[in-house]
Amino acid sequence: MAEKKASRDENLKSLSKVAAILDCFSTTHRAMSLADICKHTGYPRSTTHRLLASMREVGFLDQDRERERYRLGIKLFAYGNVMLANMDLHREARPYVEALGRMTGLSVHLAVFGGERAVVIHRAEPAPGGLTPLNLLENAPVHCTSIGKAILAFQPESVVQRVIEAGLARYTDSTITDGEQLRLELQKVRDRGYALDNGEHQPGLRCVGAPIRDQFGRVFASISATASSMQFPADREASVAAIVIHHAGQISSHLGYEGRPE
């Protein structure tokens, strides 16, 4: 019995190390050397080299021709596509994403919470044809985008604190970079039922986002409508917000949520 427990513990440690290595990579750290990964994880060079070799063997990582830098492998992309295809949200929300785009004439994004950032999993454009397939999963900061704030506003304080401690990066002159100001902004989101991004992430863009709840009432995703400030003037905010909130509620209902937002 003790041997089985020791074996399970060792397997868990190995999986945790693999996950820690995968967490090293991001849109800003696309390729990393052995030394980089050792620095990020704190693992010994020999242990890290062994894990990297195994991960490359199964397709989790690729190595460039000079064999000095590693990248995430195509196998992970394949797994991601399977995950999206099997995700209830992806299936249930698709018609509402497209309908919201048609009704508002704006770009629509559907996102889920990834723990620190919002991950866009579906997008619809107002152009003829509407649907734009995502060849790349997009990450959006949660402190300065409407899809991000619509989710973050309904997370536990511990999650909000973690986001603040990780640093509130400035993207434009309008970006909130102070933790207390962010908390005040999140309270506004809860009070009115939607989040607003008025050039906080990208200059000249206005976005309205609303939270999506699962069957237990937990906010885990959001939907937003976006356009340039000229296409989406401030006097349209209330009308667009009402439509976005309605579609977010419809998606929540189809996911099994039967109550009302808090």
Side-chain angles (χ1 to χ4, degrees), residues 16 19-20 22-23 26-28 80 83-84 87-90 92-93 96-97 100 108-123 137-172 174-198 200-202 207-226 241 244-262:
S16 297
L22 293 175
D23 286 342
S26 67
T27 53
T28 55
M83 180 274 294
L84 286 177
M87 184 182 284
D88 289 341
L89 174 65
H90 195 258
E92 298 290 348
Y96 296 100
V97 171
L100 180 56
V108 177
H109 295 82
L110 177 72
V112 295
F113 189 42
E116 294 181 353
R117 298 174 71 86
V119 182
V120 178
I121 63 170
H122 199 70
R123 179 177 63 218
L137 293 181
E138 302 170 358
N139 284 286
V142 291
H143 70 286
C144 61
T145 61
S146 67
I147 53 173
K149 287 188 287 185
I151 298 173
L152 186 61
F154 299 92
Q155 302 306 308
E157 168 59 24
S158 59
V159 174
V160 176
Q161 182 62 29
R162 187 177 71 226
V163 169
I164 292 172
E165 290 178 351
L168 306 177
R170 180 178 294 281
Y171 293 89
T172 73
S174 301
T175 305
I176 295 175
T177 58
D178 176 77
E180 289 311 307
Q181 287 186 7
L182 178 61
R183 286 191 171 91
L184 291 174
E185 176 70 10
L186 297 179
Q187 184 59 54
K188 291 180 182 178
V189 174
R190 291 189 289 271
D191 291 342
R192 65 192 177 200
Y194 69 90
L196 179 66
D197 168 9
N198 190 9
E200 296 172 42
H201 186 224
Q202 297 183 47
C207 317
V208 168
I212 295 172
R213 297 172 182 270
D214 63 17
Q215 61 180 319
F216 304 107
R218 297 176 299 209
V219 173
F220 75 108
S222 63
I223 189 170
S224 71
T226 304
V244 173
I245 290 172
H246 172 75
H247 283 73
Q250 289 295 304
I251 296 170
S252 298
S253 177
H254 276 264
L255 293 173
Y257 177 61
E258 298 178 351
R260 293 184 177 182
E262 297 173 0

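Positions are given from 1, in the same order as the sequence printed here. As a basis for the values below, the full set of heavy atoms in this structure was taken, side chains included, without hydrogen atoms, waters or symmetry mates.
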Practice task
Name the orientation class of the two ring planes belonging to Tyr171 and His201 (parallel below 30°, tilted from 30 to 60°, perpendicular beyond 60°).
Solution key: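 If you compare the ring of Tyr171 with that of His201, the planes turn out perpendicular.
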Quick one: [atom1] on [X] to [atom2] on [Y], what's the gap to the nearest 0.5 Å?
X	Y	atom1	atom2	answer
Phe220	Leu255	CZ	CG	5.0 Å
Tyr96	Leu110	OH	CG	13.0 Å
Ser174	Gln202	OG	CD	13.0 Å
Ile223	His246	CD1	NE2	11.0 Å
Ile147	Ser222	CD1	OG	5.5 Å
Leu100	Ser224	CG	OG	8.5 Å

Distance-only polar pair, side chains of [X] and [Y], donor-acceptor under 3.5 Å:
X	Y	result
Glu165	Gln161	yes
Arg170	Thr177	yes
Gln187	Arg192	no

So [Y] and [X], do their side chains get closer than 4.5 Å, heavy atoms only?
X	Y	answer
His109	Ile121	no
Val142	Phe113	yes
Pro141	Arg117	yes
Leu182	Leu152	yes

Handout entry: Test side chain to side chain contact (heavy atoms under 4.5 Å, CB included) applied to His122 and Val108, step by step
Key = CA-CA 8 Å; His122 199 70; Val108 177; over 6 Å; no
Are the side chain of [X] and the backbone of [Y] linked by a donor-acceptor contact shorter than 3.5 Å?
X	Y	value
Ser252	Arg213	yes
Lys149	Asp197	no
Arg190	Ala153	yes
His143	Ala169	yes

Check [X] against [Y] and note the closest heavy-atom contact, atom names and distance.
X	Y	result
Ala195	Ser146	CB-O, 3.4 Å
Tyr194	Val208	CD1-CG1, 3.8 Å
Ala221	Leu89	CB-CD2, 3.6 Å
Ile176	Gln181	CG2-CB, 3.8 Å
Val160	Gln155	CG2-O, 4.3 Å
Ala150	Val219	O-CG1, 4.0 Å

Practice task
Evaluate the side chain to side chain contact (heavy atoms under 4.5 Å, CB included) criterion for residues Leu168 and Thr175: first the C-alpha distance (whole Å), next the side-chain angles of each, then the deciding distance (0.1 Å), finally the verdict.
Solution key: CA-CA 9 Å; Leu168 306 177; Thr175 305; over 6 Å; no
Exercise for the section: List the steps and the verdict of side chain to side chain contact (heavy atoms under 4.5 Å, CB included) for Arg218 and Tyr257. Expected result: CA-CA 9 Å; Arg218 297 176 299 209; Tyr257 177 61; over 6 Å; no
Practice task
Could you give me the CA-CA distance, side-chain angles and deciding distance for Glu200 and Thr145, then say whether side chain to side chain contact (heavy atoms under 4.5 Å, CB included) is met?
Solution key: CA-CA 7 Å; Glu200 296 172 42; Thr145 61; over 6 Å; no
